[in-house]
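Note that the coordinates shown come from a computational prediction; the quantities given were computed from them, not determined experimentally.
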Amino acid sequence: MIPRISGTRLAGIAVLLAGAAAILYGCAGTPAEDNSASVEAQTIAMMKESFKAHGQAGLDRLDQDDTQRLCSKYSTTPPPAAVAKKIEGENLAKVRYPADGKLMGDWKKGEKIAQLGRGMQFSDDPAKPAGANCYACHQLAPKELSYGTMGPSLYQFGKKRGYTEENRRYVWAKVYDAEAFSACTNMPRFGEHHILTDEQIRDVVALLMDPESPVNR
Amino acid sequence: MPDPMKIRANLVGDSTEVKVLMSHEMDTGLAKDSSGKVIPAWFIQKVTVLHNDQQVLYAQWGTAVSKNPFMSFKFKGGAKGDKVTITWVDNHNETRTDSAVVG
Amino acid sequence: MPRKLRSIPGAAAALALAVITVTLPIVSVPAAAQESVEKAIEQYRQDLQGGNPAELWEARGEEIWNTPRGPKHASFKSCDLGLGPGIVKGAYAQLPRYFPDAGRVLDLESRLVWCMVNQQGLTHAEATKVTFGKGSRKRSDLEALTAYVVAQSDGTKMNVSLADPHVRDMYEIGEKMFFYRAGTHDFACATCHGSDGKRIRLQDLPNLTKKADAQRAYTSWPAYRVSQGEVRTFQWRLHDCLRQQRFPDLIYGSDASIALTTYLAARANGAAYAGPGMKR
């Protein structure tokens, strides 16, 4: 419980006054931005009191990195170009390619990873590998009709884009950290957040880029 | 003691329409619990409906009927104020009887 | 998938012309058949017109409401949901609200817990021992009470007042939380519920940033979940969404849960409440 809540209005006014004072010195955001920052601080404090650690999901899951913090502000509108550039640059720097340079695995395993929705929830066994649940948001192999529409269709991805090394590197990086290419995308950062292992990402790359994969047939 | 049924009985034209909800797990005997143990079959086997004192429906059910079953049916005749009495018996010999007045 | 079983009972008396409809369980269906799941659920709803199994919860909840319980032998007749002690009709449509006696903004479920603790003398642990039930072996009084109370607001226009500054603060925090991205998957509520006409697998997603969708979604909870055979409350809805968001475990009746509920409930203002609903 957060006893501070009933005093929120007062605190808000104090912040507004501080904001107004700061403007006189020509070095602060607008009062609206300050109020928003105050609500944000209260929100984070309240969330920390309102969740409990459970299984593999500790309270540190509530801590935001730069990307998450910035993208929370741009959920319904795209971020301004400068912010987008910053986010994409920071994330591109985090992309790690496999040490042995091998980008393609087994598309059959990739298909299973694309189907599996389990993983990283407090109700999941952390000893079992997580899935990517690609079908939750994307169309891939045409025989799977139960696919979502949050993301674009990836049917015939490799066939249309071309089976080049450059494209394989792009798919690897996109799965590893999608924020490197489109800031504030809805797509999780599977490598950066250790949802998938390198071997699993290889299998997903194969699902999209192997000419034998049902995605490209 | 099983939970009460929810029974509605209404005269529609020259028929009485009966709708009943029953509170029952209706375990199929095929599902497993979280520890992997089979949950034994537990389901309503017999349903009897009386219009006043006369039987108008008898049904034998199996595990293909859903949890918390809903059943609706009509029978010819009946009048406002008549009594509809429903009884179920499950495979553990637990039973429940409830009545409603035709409205 | 729900289907209708039509048969003539052999043993029925001659005067009994019977067309029986019996509900059958939902089982997992092959992908190709899932296109029709929404339609099948709609058919199931029609078959069950006036027969939502949530009524069984409502009946149990009404009995609990009227029965003295706890060390203080008090019933919920002394529980004030905002419209006066024991008054249930229309109360849910105005919740969450600020309760001076509790010094907090409370939603229905946290208010029920408050009454159990402060009026009936239960400990908080006793009151919240079973929040989300599982079958007849592990039943939740809170789910039953919630089903009973919300049903008394069926048809009442949602009217959550933001005039009280405590409630408005919670609304603003709830809004921030709705857009708060975190966790291993970078998900916020808005990730799945912030754009039009999207779906996860075959499940349509309401865009809760749009008034019409927010109204339709909020007014259909709590609901009987056919796939679980249980009535699920709004606290459950948030708890399970946040689990899938890969967040930690949302504490039942916590301030954040109430803030988010306040945001979503107030966004439904003006729409007629229509629950308990029925969901897949």
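Expressed to the nearest 0.5 Å, how far CG of C/Asp169 lies from CE of A/Met46 amounts to 8.5 Å. Considering CZ of C/Arg201 and CG of A/Asn133, their distance stands at 5.0 Å, rounded to 0.5 Å. Taking OG of C/Ser257 as the reference point, atom CE of A/Met47 lies at 11.5 Å (rounded to 0.5 Å). With rounding to the nearest 0.5 angstrom, the CG atom of C/Asp240 is 8.0 Å from the CD atom of A/Gln121. A distance of 9.5 Å separates CD of C/Glu175 from OG1 of A/Thr43, quoted to the nearest 0.5 Å.
Counting all heavy atoms, side chain and backbone alike, A/Asn186 lies closest to C/Thr191 at OD1-CG2, 3.5 Å. The two residues C/Asp255 and A/Ser50 make their nearest non-hydrogen contact at N-OG, 3.6 Å. The two residues A/Gly58 and C/Pro248 have their closest heavy-atom pair at O-CG, 3.5 Å. For the residue pair A/Leu62 and C/Ala182, the shortest heavy atom distance occurs at O-CB, 4.1 Å.
Counting heavy atoms from C-beta on, the side chains of C/Leu205 and A/Met150 come closer than 4.5 Å. Contact annotation: the side chain of C/Asp249 never approaches that of A/Phe51 to less than 4.5 Å [non-hydrogen atoms, C-beta and beyond].
C/Ala188 does not touch chain A: none of its heavy atoms, backbone or side chain, sits under 4.5 Å away. Looking at C/Leu242, only its side chain comes within 4.5 Å of chain A, counting heavy atoms on both sides. Proximity to chain C is limited to the side chain of A/Ile195, based on heavy atoms less than 4.5 angstrom apart. Heavy atoms of C/Phe178 lying under 4.5 Å from chain A are absent altogether. Contact of A/Asp65 with chain C is not made at all, since no heavy-atom distance falls under 4.5 Å. Contact annotation for C/Thr209: only side-chain heavy atoms (C-beta onward) come within less than 4.5 Å of a heavy atom of chain A. Residue A/Thr67: no heavy atom, backbone or side chain, is found under 4.5 Å from chain C. For A/Glu192, no part lies under 4.5 angstrom from a heavy atom of chain C.
A donor-acceptor contact shorter than 3.5 Å links the side chain of A/Gln64 to the backbone of C/Arg181. For the pair A/Gln68 (side chain) and C/Gly183 (backbone), a donor-acceptor distance under 3.5 Å is present. A donor-acceptor pair under 3.5 Å is formed between the side chain of A/Arg61 and the backbone N or O of C/Arg246. Listed for the A/Ser72 side chain is no donor-acceptor partner under 3.5 Å among the backbone atoms of C/Tyr180.
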Determine, step by step, whether A/Ser36 and C/Lys176 satisfy the side-chain contact (heavy atoms from CB on, under 4.5 Å) criterion, reporting the C-alpha distance in whole Å, the side-chain angles of both residues, the deciding distance to 0.1 Å, and the verdict. CA-CA 9 Å; A/Ser36 172; C/Lys176 270 274 183 258; 2.8 Å; yes

List the steps and the verdict of ring pair (Phe, Tyr, Trp, His ring centres under 6.0 Å) for A/Phe122 and C/His239. CA-CA 11 Å; A/Phe122 61 67; C/His239 183 265; 5.8 Å; yes

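By the 6.0 Å contact criterion, NZ on C/Lys211 is enclosed, its count of non-hydrogen atoms from other residues, nucleotides or ligands being greater than 12. Summarising the local packing, NZ of A/Lys48 is surrounded by more than 12 heavy atoms from other residues, nucleotides or ligands at distances under 6.0 Å. Heavy-atom contacts from other residues, nucleotides or ligands closer than 6.0 Å to NZ of A/Lys112 number 12 or fewer. Atom CD of C/Glu126 has more than 12 heavy atoms from other residues, nucleotides or ligands within 6.0 Å. No more than 12 heavy atoms of other residues, nucleotides or ligands lie within 6.0 Å of NZ in C/Lys129, so this atom counts as exposed by the packing criterion.
Ranked by heavy-atom pairs under 4.5 Å with chain C, the first of A/Cys137, A/Cys71, A/Ala53 is A/Cys71. For the set C/Gln244, C/Met177, C/His185, the count of heavy-atom pairs under 4.5 angstrom toward chain A peaks at C/His185. Of the listed residues C/Leu260, C/Ile200, C/Asp186, the one with more heavy-atom pairs under 4.5 angstrom with chain A than any other is C/Asp186. Per-residue heavy-atom pair counts under 4.5 Å with chain C were compared for A/His138, A/His194, A/His193, and the maximum is reached by A/His193.
The cationic atom of C/Arg199 (NZ for Lys, CZ for Arg) lies less than 6.0 Å from the six-membered ring centre of A/Tyr147 and within 45° of the ring axis.
Neither side chain, A/Lys52 nor C/Ser254, offers a donor N or O lying under 3.5 Å from an acceptor on the other.
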